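To keep things clear, I will list the structure first and then write my remarks on it.
Just so we're clear, the structure is a prediction, and the values are computed from it rather than from any experiment. In what follows, every heavy atom counts, from backbone to side chain, and hydrogens, waters and symmetry copies are set aside. Lettering follows sequence order; numbering is per chain, from 1.
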Amino acid sequence: MQERYDPKAIEPKWQQRWQQEGLFKLKGNGEKRYVLEMFPYPSGKMHMGHVRNYLIGDVLARYFRTKGYDVLHPMGWDALGLPAENAAIKDQRHPADRTRENVAQFKAEMLSVGYSYDWEREINTSDPEYYRWNQWFFLKMRELGLVYRRMSRVNWCPGCATVIANEQVKDGACERSGDQVVVKRMPEWAFKITAYSEQLLQQIDQLTEWPERITSMQRNWIGKSEGAEIVFKIDGADAALTVFTTRADTLFGVSYVVVAPDHSLMSKLVNAKTAEQVKAFAADQEKKAAAQKKDEEPEKEGVFTGAYAIHPFTGQKVPVWAANFVVSDYGTGAVMSVPAHDQRDFEFAKKYGLPIKVVIQPKEGDKLASQGLAAASTEDGVMFDSGDFTGLSSEEGRRKVCAALKQKGLGGSAVTFRQRDWGFSRQRYWGTPIPIVYCEKCDPNHEGISVPLEQLPVTLPRIDVAKVLTGRGEPPLAKVPEFINTTCPKCGGPARREAETMDTFVDSSWYFARFLSPKDAKLPVDPAEAKRMLPVDVYVGGPEHAVMHLLYFRFWTLVMKQLGLVSVDEPVKKLVTQGIVNGPDGRKMSKRWGNVVSPSDIVARFGADAARTFVMFAGPPEKDIDWSDEQVEGCSRFLGRVWRLAYAQRDCASEGVPAGGETGNALAIRKASHKALMRVTEDLERLGFNTAIARVMELVNFLTPMAPSADKAEKAAMAEAVRLIAFMLSPFAPHLCEEIAADYGATQSLQARSWPAFDPVLAAEDSVTYAVQVNGKLRGQIQCAVEAGEAEVKAMAEKDGAVAPHLAGKAIKRVVFVPKRLVNFVVAG
RNA sequence: GGGCGGGUGGUGGAACGGUAGACACGCGGGUCUUAGAAGCCCGUGCCGCAAGGUGUGAGGGUUCGAUUCCCUCCCCGCCCACCA
C-alpha cells in the first residue's frame with residue numbers, strides 16, 4: 001500500500017477492471033432492480049448537472065448490487081434532434097459525424113467518473129436500428145387509430161423554421177432558439193394522447209413514489225374539468241352552438257354567447273354586414289396573440305357576429321359575439337357568458353354595455369342586485385330568478401339543469417380536458433422519417449399511405465449538408481430527390497415520401513424498454529424481458545421534464561401494453577428529480593456568468609471519487625446545490641484521511657473477522673463501526689446520501705486519533721472498521737474503496753460482494769443521555785443506563801446539580817418522561 | 001389569478017413533536033517544521049467577562065415541550081394560466 005492517496009494512480013485501473021470483469025451486467029436471475037437516468041442528448045461535453053444526475057443513479061445501482069439484486073443500469077444517447085441540426089447548419093458538418101464524435105467524448109467522460117453502466121446495452125436513437133421501431137410504432141398506432149393527420153394552427157418558429165409543440169413554447173417564444181413564435185395553419189401528424197387523458201389522470205394515483213410536485217403538475221396539465229355542454233340554437237339559421245360550462249347553475253343569467261374568433265361555425269354566424277368586421281377582428285387578434293408576452297393580460301376585445309342564440313329554457317334571444325378571451329381548442333370553443341357570476345364576462349359586459357343579471361344569491365348575507373354590481377359574484381349559492389330551478393343550491397342545480405338539458409336533447413353533463421393531442425411532425429432532417437408515402441393516384445386526398453412494415457426502416461439519406469441544411473424553406477428531406485421520390489406501395493407508380501420527421505420525444509418515450517433487448521430485430525421490446533424487468537424501479541432526471549417526456553412515456557407505456565409488448569401500466573415506480581448544480585456564485589452555471597465548472601477539470605484536479613463525494617455530500621438529491629471548490633477540496637481531504645487511516649493501520653490488514661472477547665479499544669471500535677453501518681444503511685435506503693457520508697466522516701474522525709495497537713482483538717476490530725468503511729463509502733468513492741478493500745485482503749471487487757449486515761447488539765447504545773427540562777427549558781443532562789426505568793431516571797434527574805436549583809421550593813405539578821430522550825419537570829410559578 | 005416547493009449560524013446543510021445547528025466549508029488558536037505546504041489537536045449561532053439570556057422569515061394557536069402540527073401574513077423559486 002502506498003503512503004499517499006493518489007486518485008490518478010488508482011482510478012483508471014479500477015475502471016478497467018470493472019469493465020473487464022463484466023460486473024455491471026445483468027445476471028438474468030434473482031430479484032431485479034432497474035435503475036435508469038434520463039439519457040442525454042450527446043452535446044460535446046458533460047456538465048455538472050449530468051454528473052449529478054447519473055451519480056444519483058450510480059450510487060443506487062452500486063448499492064443495490066451489493067444488496068444482492070440483479071441490477072440493470074444502462075446508458076444510451078438521445079442523439080436525434082434540433083441542437084445537432086442547428087449546429088450542422090452553422091458549421092456545415094453532417095450531424096451524424098458530429099454526433100459520433102460527441103458520443104465518443106461524452107462516453108469517455110462518463111467512464112472517467114466511474115459510472116457503473118452495462119455498455120453492452122448502449123443504444124443510440126440516431127441508429128436506424130433504433131428509429132426503425134419509432135416507425136414501427138407509428139404504423140401500429142395508425143392501425144389503432146392513434147395517429148391522425150390534422151389541419152391545425154401550429155406554433156411556427158421562424159428561427160428553427162419548424163413547427164414546435166405547445167409544450168415547447170415559453171413566453172410566446174421558441175424554447176430552444178428564443179424566436180418569437182407565430183401562428184400558422186398547416187397539416188400535421190398527431191398522436192391521440194387525449195384518448196388516454198382519463199386513464200393517465202386516474203393512474204396518477206398509482207404513482208405513490210413520485211414527487212408530489214410532479215404528479216400535481218401532470219394533473220394540472222391534463223386538466224380535467226367536469227361541467228355541462230349546452231346547445232344554443234342559432235336564430236334563423238340551421239346551426240347550433242355548443243358551449244362548455246362548469247356553472248350550469250348560472251344558465252338563467254346568460255346575457256350573450258361568445259365564440260373564438262376562428263370558430264368553425266363562424267361562417268354561419270356572420271351576415272353580409274358583419275363578415276368583414278369579424279374577419280378583420282380575427283386577423284388583428286392573431287397578430288396581437290403572436291406578439292403576446294407572459295404576464296400581460298390582454299385587453300378583452302370582441303365584436304358582434306350578427307347572430308342571436310336561443311336560450312334552451314327561456315327561448316330568449318341573446319347576441320353571439322366573437323372575442324379574444326375564448327380559445328378555440330379548449331372545450332367547444334364557445335362559452336355562455338354570465339356577467340353577474342364570472343369576472344371575465346363581467347368585464348366584457350361592462351365594456352360593451354351588455355346586460356348583467358343576478359341568478360345566484362349568496363347562502364347567507366345580503367342579497368345581490370343586478371343593478372350596480374361592482375364585480376362578479378363567483379361563489380356557489382342559491383339559484384334565483386331561474387324558472388323552475390329557483391331555490392336550488394348551486395350544486396343541486398347543476399345536476400338538475402344537466403338532467404333537464406339531456407331530456408330536451410340540448411346538452412347534458414360533460415367532461416373536458418385541457419390536454420391536447422400531441423402534434424409530432426417536424427420539418428427537420430435530423431429525426432425519424434415518418435413512414436408515409438403520397439400517391440396522387442391511390443391517395444388523391446393526401447391522407448398518406450403507410451409504408452409496409454417489411455420495408456422498414458425508412459432511413460435518413462446521407463445528404464449534402466450545404467445544399468440541404470439551409471435552415472429555411474421547405475423541409476430538408478424535400479430537397480433530397482433520391483429520398484423523396486419513391487414508388488407507391490399500392491400501385492407501384494411514382495410517389496413521394498413524407499418529408500417530415502418525428503419529434504424526438506418519440507425516441508425518449510420508449511427507450512427505457514429498448515434497453516431490455518437492445519438488439520432485438522423482431523420487436524422493439526421483448527415481452528418476456530419486459531415482464532421481468534419493468535417497471536423501472538428508480539428513474540432519475542430533471543424536474544423540467546414533468547409534463548412533456550414524463551407524460552409522453554406514460555402514454556407510450558399504455559400503447560405498448562395494448563400492443564402486448566409490456567405488462568405494466570406505468571413505466572416507472574419511483575421517480576427522483578434532482579436539483580440543479582449552480583455555479584459557485586449561486587447562479588445557474590452558464591457561459592454568460594462565467595461560472596461554469598467542467599467535470600473533466602474537476603476529475604483531473606481532485607479525482608473522480610472526490611468529485612462524486614462532493615456532489616452527493618452537498619445536499620439532498622432533489623435540492624439545488626451550489627458548486628464549491630472549497631467543499632470539493634474538503635471531500636478530497638476526507639478521502640485522504642480515509643486513506644491515511646487505512647495506511648496507518650495497515651499492520652492489521654491481515655487480521656480476520658473479530659473473534660469476540662474484545663480487549664483494549666476493540667469494543668469501542670466495533671460499536672462505533674457497527675453503529676455507523678446501521679445508519680449508513682438506513683440513509684442509503686431513504687436516499688439520504690449527504691447524511692450517509694456524514695456518518696462515515698464521524699466514524700473516521702473517531703478512529704483517526706487511534707494509534708496502531710499490538711492488541712490482537714483491537715487489531716481485528718480496526719481491520720473490520722476499515723473494511724466496513726470501504727464498503728460504506730464504495731457507492732460514493734468506488735475507486736478508493738476498491739483499493740483499500742484489496743489492500744485489506746479482498747480478492748473480489750466490492751461490486752461482487754454482499755453489503756455487510758450490522759450487528760444489532762454492537763450497534764445499540766448502552767447508555768443514554770437524558771435531557772432534563774424544567775418547564776420545557778433545558779437545565780441539565782444526565783447519563784443513564786439504557787435499561788434504567790422511569791422512576792430511576794426521574795430520581796436522578798431531580799437530584800442533578802444543574803437541575804435542583806430550578807426545582808428548589810417549587811411544587812412539581814407533573815413530570816413528563818420520554819424513554820431514552822428526556823425528563824421534563826412542570827413546576828408551578 | 002391557480003397549483004406546488006422552499007425560508008435554520010459567515011456558508012452548504014443536520015434534526016421519529018423531545019438537548020436546534022450532526023457533518024462539512026470558512027474563520028481563530030495550538031502542535032509539527034529552519035520556513036512553508038500537508039497532517040494532527042482545540043475552539044467557533046448571537047449578546048454577555050461571567051452567571052445567564054436569546055435563537056429556525058413575521059405574528060398568533062395547539063402542547064409539559066414546536067424547525068416539525070394548525071391559522072394569518074411576508075419573501076424566494078418552479079409550473080400552469082383569458083381553460084369557461
Consider the side chain of [X], meaning its heavy atoms from C-beta on, and name the nucleotide among [options] that approaches it most closely.
X	options	value
A:E212	B:C4, B:C79, B:G18	B:C4
A:E630	B:A84, B:G26, B:C4	B:G26
A:L822	B:C82, B:A14, B:G18	B:G18
A:K623	B:G18, B:G13, B:C83	B:G13
A:F325	B:C23, B:C82, B:C25	B:C82
A:K300	B:C82, B:A15, B:U19	B:C82
A:F617	B:G12, B:A22, B:A84	B:G12
A:R821	B:A84, B:C16, B:C23	B:C16

Under 3.5 Å donor-acceptor pair, A:N220 side-chain atoms to B:C80 base atoms: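 Flag unset: no donor-acceptor pair detected.
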Interatomic distance where [atom1] belongs to [X] and [atom2] belongs to [N] [whole Å]:
X	N	atom1	atom2	value
A:N324	B:A81	CG	C1'	15 Å
A:D626	B:G12	CG	P	7 Å
A:D624	B:C76	CG	C1'	12 Å
A:M616	B:C23	CE	C1'	16 Å
A:W221	B:C83	CH2	P	15 Å
A:M336	B:C82	CE	P	20 Å
A:R418	B:A81	CZ	P	7 Å
A:K224	B:G3	NZ	C1'	18 Å

With [atom1] as the reference atom in both, quote the distance from [N] to [M] in angstrom, rounded to an integer.
N	M	atom1	value
B:U54	B:A66	P	13 Å
B:G5	B:C69	P	12 Å
B:G43	B:G9	C1'	15 Å
B:U67	B:A20	C1'	8 Å
B:C42	B:U63	C1'	40 Å
B:C73	B:G3	P	13 Å
B:C25	B:G21	C1'	15 Å
B:U8	B:G57	C1'	10 Å

Mark yes when over 12 heavy atoms from residues, nucleotides or ligands other than [X] sit less than 6.0 Å from its [atom1]; otherwise mark no.
X	atom1	value
A:K820	NZ	no
A:R686	CZ	yes
A:K675	NZ	no

Where do A:V259 and A:L241 land on the side chain to side chain contact (heavy atoms under 4.5 Å, CB included) test, with the steps shown first? CA-CA 9 Å; A:V259 298; A:L241 276 176; 3.6 Å; yes
Which part of the nucleic acid does [X] contact within heavy-atom distance under 4.0 Å: base, sugar-phosphate only, or nothing?
X	result
A:Q781	base
A:T416	nothing
A:P211	nothing
A:V815	nothing
A:Q631	base
A:D345	nothing
A:R686	sugar-phosphate
A:V826	sugar-phosphate
A:S628	nothing

If we count only N and O atoms by modelled type, under 3.5 Å, do the side chains of A:T577 and A:E622 hold a donor and an acceptor together?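 Absent: no donor and acceptor within the cut-off.
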Does the side chain of [X] reach to within under 4.5 Å of the side chain of [Y], using non-hydrogen atoms?
X	Y	value
A:Y352	A:Y256	no
A:L703	A:M718	yes
A:N582	A:I625	no
A:V401	A:M383	yes
A:M616	A:V59	yes

Look at the aromatic rings of A:F614 and A:W627 and report parallel, tilted or perpendicular, splitting at 30° and 60°.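 Rings of A:F614 and A:W627: perpendicular, as their planes differ by over 60°.
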Can you say whether the rings of A:H545 and A:H549 are parallel (under 30°), tilted (30 to 60°) or perpendicular (over 60°)?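 It falls in the perpendicular class, over 60°.
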Enter syn or anti for the glycosidic conformation of B:G9, syn applying to angles within 90° of 0.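 Because its glycosidic torsion lies within 90° of 0, B:G9 adopts the syn conformation.
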Does the side chain of [X] get closer than 4.0 angstrom to OP1 or OP2 of [N] through an N or O atom?
X	N	value
A:Y770	B:U19	no
A:R814	B:C64	yes
A:N690	B:C23	no

Starting from the C-alpha separation in whole Å, work towards a yes-or-no answer on side chain to side chain donor-acceptor pair (under 3.5 Å) for A:Q419 and A:S197. CA-CA 7 Å; A:Q419 186 180 32; A:S197 292; 2.7 Å; yes
Could you say whether A:F417 or A:S216 is positioned toward the 5' end of RNA chain B, judged by the nucleotide with the nearest heavy atom to each?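 The 5'-side residue here is A:S216.
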5′-ward residue of the pair A:P620/A:F244 relative to RNA chain B: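 Counting from the 5' end, the first nearest nucleotide belongs to A:P620.
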Sugar-phosphate means primed atoms, P, OP1 and OP2; the rest is base. With that split, encode nucleotides 36-53 of chain B 5' to 3' as B, S or - using protein heavy atoms under 4.0 Å. ---SSS-----------S
Expected output check: what is the dot-bracket annotation of RNA chain B, where ( ) and [ ] are pairs inside the strand (brackets for crossing ones), | is paired with another strand, and pairs are Watson-Crick or G-U under 3.5 Å? (((((((..(((.....[....)))((((((.......))))))(((....)))..(((((..]....))))))))))))....
